[in-house]
Amino acid sequence: MKAVTKSSSRIEPVVFHTINTIFMLFVVAITLYPFLHTLAVSLNDGSDTLAGGIYFWPRAWTLENYKAVFISGTIYHAAFISVSRTVLSTVFGVFLTTMLAYTLAQPQYILRKKISMLFILTMYFNAGLIPNYFLIKELGLLHSFWVYILPSLVSAFNLIIMRTYIRGLPGSLTESAKIDGAGDFRIFWKIIFPLCTPVLATVALFIAVGSWNAWFDTFLYASSDIKLSTLQYEMMKLLGSTMSTNNDPSLLAGNQHNQTQALVTPASIRAAITIVTAVPILFVYPFLQKYFVVGLNLGSVKE
Amino acid sequence: MSDTVLDKQVKTQKTRKRRVDPEIGVSLSWKTLKMQKQLIFMSVPIAIYLLIFNYAPIWGWLMAFQNYRPALSFGKQEWVGLQQFKFLFSDETFMMVLRNTVAMSFINLVLGTVTAIGLALLLNEIKVKFFKRIVQSISYLPHFLSWVIAAGIVATSLSVDDGIVNIILMKLHLIKEPIMWLSEGKYFWGIVGASNVWKEVGWGTIIYLAAITSIDPSLYEAASMDGAKRFQKMRYVTLPGIKATFVILLIMNIGHILDAGFELQYLLGNGLTVDWSQTIDIFVLKYGISMGNYSLATAAGIFKTIVSVILVFIANYIAKRLGEERLV
Amino acid sequence: MHKTAKRSARALAAGAFALTLALAGCSSNNTNSNTANGGTASPAANGDDNAPVTFSVFMSGPGQQPTADNKILKLMKDKTGVSFNMEFLVGDLQQKLGVMIAGGDYPDIMSGDDKLINAKAYIPLEDLIEKYAPNLKKHYAAVWNQIKDESDGHIYVLPSYGVYQGKITEPTYQGPGFWLQKAVLEEMGYPSPKTLDEYFDIIAKYKEKHPDMIGFESLNFDWRVFPLQNAPEHLSGHPNDGAVIVDNNKAQIFADKDISKTYYKKLNEINAQGLMDKEAFVQNYDQYLAKIASGKVIGMFDQHWNFQDGETSLISQGKIENTYIGFPLLYPGAEEWYRDRGAVGTNRGFGISINAKDPVRIIKFWDQMITEEWQKTIQWGIKGEDYEVKEDGTFYRTPEQRANADKTSWQVANKITTMHGYMPKIQGTYSDGNAADPGTQPQEFFDSLKPYDQKILKAYNKKSWSEFFKEPKENNIYFPAYSIVLKDGSPAQLAQSKLNDLQVKYLPKAIMASPDEFESVWTDYVNQIHKLDIKAYEDRINEGIQQRIKNWSVK
């Protein structure tokens with residue numbers, strides 16, 4: 001009887017880990033495929049791709065798609081704007097979100113419920129395109145870099161995630177500090193903020209990805225100023241112009257195209273664009289992962 | 001099963017509840033204001049910012065009761081009462097569109113949550129750190145692809161002629177001849193649900209992985225000492241540890257039951273499946289924005305908001321009654 | 001651990017602060033330079049016509065930004081002092097227009113749009129043209145009444161297409177037709193099908209020999225629904241008027257008529273024979289192109305420009321025999337009207353916004369640009385660089401110049417393709433007999449033709465692809481009916497949209513149904529159509545037609 005349990009407890013981990021590993025390999029396979037496919041398409045001749053049959057590996061190698069992406073001199077400045085808005089949104093966003101979340105996690109705080117309610121409601125309504133435009137215009141944010149930062153500084157979703165996490169921290173951590181007469185800001189900055197690393201990393205990732213991928217604010221509020229254009233917006237522009245060659249009958253009717261043109265197609269340009277815009281932001285997660293894995297050893301924090 | 005693990009878990013929950021829950025009767029007085037001046041200073045400016053950026057433009061809701069034309073100033077707009085709402089609800093396709101929206105976002109909610117938690121639990125079991133990181137970093141890659149690309153891959157995989165799905169099912173002798181997945185309405189919701197899981201599951205796990213890191217490791221140690229098995233530890237330590245996050249996300253997402261999106265449905269839908277694929281957002285795009293009818297779009301927005309807020313508060317109330325973590 | 005995290009967070013915050021300051025400086029500089037640009041009052045009034053000025057331009061379609069040192073733009077700036085700050089559409093036009101109109105934030109120059117016209121965002125141009133633009137006046141003289149806005153009779157937008165001079169040359173055909181692969185025609189002994197039966201007979205016979213091929217292809221995706229919807233009007237001898245056919249100046253929809261039923265019943269039959277692609281109505285545009293590009297499709301009904309990318313792919317794969325030739329199929333007794341004369345694109349082109357600082361300068365600029373000298377520069381390029389001239393004065397390009405023109409990287413530095421698309425332009429031929437642009441120069445066309453194509457054309461005893469279709473008849477005065485404006489949110493617009501929805505939904509159903517079910521699906525479809533307010537739609541179109549007949553008949 002005893003032997004059976006023993007051997008089963010020795011076998012169980014092996015069986016479990018084997019199955020788990022196989023399952024994880026399956027997950028890797030199906031989630032890696034679309035990316036490899038996109039990469040292959042981006043390195044394959046556009047006309048050749050149309051004929052189908054491109055999966056993991058390019059058939060007719062070319063850098064033409066990437067050349068098309070990098071033709072325009074504007075994208076380097078656009079990339080700089082994208083990086084700037086992402087970094088600033090993330091830094092300010094994470095700090096303010098955490099600070100506010102801390103106050104809303106204090107049960108005795110008199111405005112706790114009211115402010116929470118205000119934020120929660122914002123998740124479920126949208127005033128609409130035109131009223132928002134008027135607001136931005138009135139605030140003088142049209143054609144200003146700050147339109148990328150200010151309107152989306154603190155999101156309710158991130159706030160609630162953060163608040164939930166802070167509430168989950170043991171109260172004992174702050175009690176001694178309170179007895180020592182430390183103020184709330186001090187407690188927040190010295191004790192709570194450092195304890196939040198995993199959730200800070202999560203929220204930072206959410207904000208960074210959102211800001212990096214955004215293009216609608218450029219479209220609405222800063223489209224006529226090339227100096228404020230972002231990488232995503234320039235890419236949308238490029239994609240649009242590639243598509244328009246076979247989109248606009250009147251252009252074609254007027255300009256009879258030669259039959260040999262079009263080395264790049266919308267699909268191949270789209271693939272190259274995806275790689276160019278996704279790769280920089282993809283590196284953020286592995287970098288943040290160390291804050292996930294290390295985690296938080298609550299026991300050792302107690303001093 | 002060890003009593004001590006349970007005991008400890010229950011105890012933590014109790015302590016937590018005591019800390020989170022107490023409706024301490026703090027009355028509004030100069031004394032409390034003074035005591036909490038730092039808290040106020042830390043939160044009120046942000047709340048004012050919020051009022052400006054989110055609540056100031058809310059006057060736009062009045063458009064729902066107008067026949068708004070952007071060329072006219074607000075004062076000169078024509079007031080039409082509830083006409084936009086009537087158009088919305090009297091259109092015979094609206095009920096169908098509503099049904100599709102609710103069905104698809106419900107499927108997305110359930111599948112998305114279950115798979116994200118499942119994957120997070122299994123990831124957590126991987127002992128080789130390097131492998132764990134690789135899987136994590138790869139599983140969230142599809143999140144960064146646009147739906148245009150993702151839908152292209154879905155459509156190719158489901159193709160009748162040489163789609164991988166049909167090939168595999170044929171090889172396994174599960175079907176006799178290829179299924180025309182995209183031309184039958186009955187498959188549509190499932191395809192959308194599965195596509196969403198595939199694209200977003202890795203992204204969805206992030207938040208749960210962060211929650212798992214906050215679980216006190218001594219709980220696992222104690223459980224091991226009491227002889228708890230792997231699945232018992234998952235059941236009695238990990239799951240309770242992420243319950244707060246789960247409940248909060250659930251309540252928030254219930255409010256998004258009318259947001260099933262439109263991109264994927266637009267890209268995968270076609271004339272043959274239109275009765276299953278159209279969502280509210282597509283409807284509003286078609287009869288609202290693209291016809292320059294901003295009022296209709298606003299009216300639909302108001303309808304969605306009302307439904308959302310009601311659902312969120314019901315969910316929140318239920319959570320409160322069950323003694324769970326909650327939004328407000 | 002948390003200490004390092006804290007420290008790096010603080011370092012990050014400090015860095016962010018520095019970046020903030022840098023950007024604050026940068027963005028305020030931007031604003032300054034912008035106002036400086038926008039605020040440049042033109043000294044044209046002082047007589048200095050070439051003082052530097054920058055105009056902001058909004059184009060309602062996507063486009064490629066020319067490089068900063070673009071050859072043509074530089075030339076324009078050197079000769080006229082005018083430069084541009086171009087904005088192309090990215091994203092959804094309706095949303096962009098909504099905020100532009102609501103905020104009244106217009107650039108100096110905007111491409112034509114009915115919403116902007118309704119919002120009174122343009123200034124009337126006829127007086128400006130009379131006073132300052134003799135060349136434009138001459139250019140538009142023949143269509144003067146047609147380019148006036150139909151609601152109030154002012155000219156707001158200068159049409160960019162459809163104003164011809166000299167000879168109209170059209171070696172390649174871009175319009176609708178029933179297409180067949182050249183390889184198929186070759187194997188079947190160069191037939192020229194004239195009816196649906198003859199056409200599908202060829203497909204059936206060929207598919208019998210080559211069962212791997214796809215018989216007949218179609219497309220029902222997004223706005224590209226014309227491969228499925230437009231065939232009946234052409235079969236019955238009507239030009240492309242969109243969703244209506246017009247007889248004796250009276251428009252009616254044809255989706256529910258017998259000319260449609262006959263066609264879709266035929267498709268239903270060939271589907272039962274296994275000739276129709278099973279996935280035709282499920283696929284998206286990319287998949288459609290992929291099928292064309294695979295060389296496996298025997299034939300389809302489509303407009304040439306819509307599947308041209310597929311053909312381009314075939315050529316680059318060296319499968320020129322899998323490209324297509326179009327045929328004008330007809331119902332018995334119908335008279336062919338596939339090709340049409342390009343109509344003036346009303347409300348397509350550029351207009352001057354009410355916010356424009358210096359309308360006179362703009363109209364003078366365009367007036368200069370419509371001269372033959374500038375048109376040659378814009379459309380052909382620079383002599384000796386982009387094209388050559390034979391002794392007899394004929395323009396041509398060397399193979400190298402032709403290859404250049406196909407490269408995007410070359411285009412953005414040497415052409416202003418997108419903006420040219422919106423500017424007033426010469427089409428047809430110049431006074432020296434050369435075609436307006438390389439693409440329509442007949443010799444250019446022949447030189448680019450491959451030996452295989454020459455063989456096919458010889459077998460049919462033709463010189464160009466468009467000769468497979470009859471010379472276009474003189475347009476009806478109101479043509480095309482599809483450009484008649486439906487008011488936003490009007491019952492007419494609603495009916496049109498719902499009619500399209502029904503076609504998208506029911507036509508595939510009817511075609512895929514088993515032949516004995518066709519009747520009931522069709523009846524169901526027709527009943528659904530009749531529930532709509534079709535009369536509102538037809539009335540509006542007829543009103544537009546009558547209006548055009550009245551206004552446009554006066555020359």
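Lettering follows sequence order; numbering is per chain, from 1. All values derive from a computational prediction rather than experimental measurement.
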For the atom pair [atom1] ([X]) and [atom2] ([Y]), what is the distance rounded to the nearest 0.5 Å?
{"X": "C:Leu93", "Y": "B:Ile289", "atom1": "CG", "atom2": "CD1", "value": "12.5 Å"}
{"X": "B:Met180", "Y": "C:Lys278", "atom1": "CE", "atom2": "NZ", "value": "7.0 Å"}
{"X": "C:Glu279", "Y": "B:Asn270", "atom1": "CD", "atom2": "CG", "value": "10.5 Å"}
{"X": "B:Tyr294", "Y": "C:Gln95", "atom1": "OH", "atom2": "CD", "value": "7.5 Å"}
{"X": "C:Tyr285", "Y": "B:Leu267", "atom1": "OH", "atom2": "CG", "value": "15.5 Å"}
{"X": "C:Leu494", "Y": "B:Asn293", "atom1": "CG", "atom2": "CG", "value": "9.5 Å"}

| request: Answer yes when B:Arg69 and C:Asp488 have at least one side-chain N-carboxylate O distance shorter than 4.0 Å, and no when they do not. | output: no

Tell me, side chain or backbone of [X] under 4.5 Å from chain C's heavy atoms, or both, or neither?
{"X": "B:Val160", "result": "both"}
{"X": "B:Ser159", "result": "both"}
{"X": "B:Asn67", "result": "neither"}
{"X": "B:Tyr68", "result": "side chain"}

| said: For C:Lys505, run the side-chain contact (heavy atoms from CB on, under 4.5 Å) check against B:Asp275, B:Thr273, B:Leu272 and tell me which one passes. | reply: B:Asp275

Over 12 non-hydrogen atoms of neighbours within 6.0 angstrom of [atom1] in [X]:
{"X": "C:Lys265", "atom1": "NZ", "result": "yes"}
{"X": "B:Phe89", "atom1": "CZ", "result": "yes"}
{"X": "B:Lys127", "atom1": "NZ", "result": "yes"}

| field | side-chain contact (heavy atoms from CB on, under 4.5 Å) assessment of B:Asp91 paired with C:Lys498 | value | CA-CA 11 Å; B:Asp91 192 286; C:Lys498 297 222 156 185; 2.6 Å; yes

| query | Looking at side-chain heavy atoms only, is the closest gap between B:Trp181 and C:Val282 below 4.5 Å? | reply | no

| said: Could you go through B:Ser183 and C:Phe281, starting from their C-alpha distance and side-chain angles, then the distance that decides it, and tell me whether this counts as side-chain contact (heavy atoms from CB on, under 4.5 Å)? | reply: CA-CA 8 Å; B:Ser183 53; C:Phe281 307 118; over 6 Å; no

| For C:Gln287, is it the side chain, the backbone, both or neither that has a heavy atom under 4.5 Å from a heavy atom of chain B? | side chain

| Under 4.5 Å from any heavy atom of chain B - which part of C:Lys115 | side chain

| query | Among B:Gly271, B:Ala155, B:Ala71, which has the most heavy-atom pairs under 4.5 Å with chain C? | reply | B:Gly271

| message | Please find the pair of heavy atoms, one from C:Phe221 and one from B:Tyr266, that lie closest to each other, and give the distance. | response | CE1-O, 4.4 Å

| message | Could you report the tightest heavy-atom contact between C:Gly98 and B:Pro70, atom names first, then the distance? | response | O-CB, 3.8 Å

| query | Do you know which of C:Asp222, C:Asn220, C:Asn284 has the most heavy-atom pairs under 4.5 Å to chain B? | reply | C:Asp222

| query | Is there any salt bridge (Lys or Arg N to Asp or Glu O under 4.0 Å) pair reaching into residues 277-286 of chain B, and which pairs are they, with sequence neighbours excluded? | reply | B:Asp281-B:Lys304, B:Lys286-C:Asp501

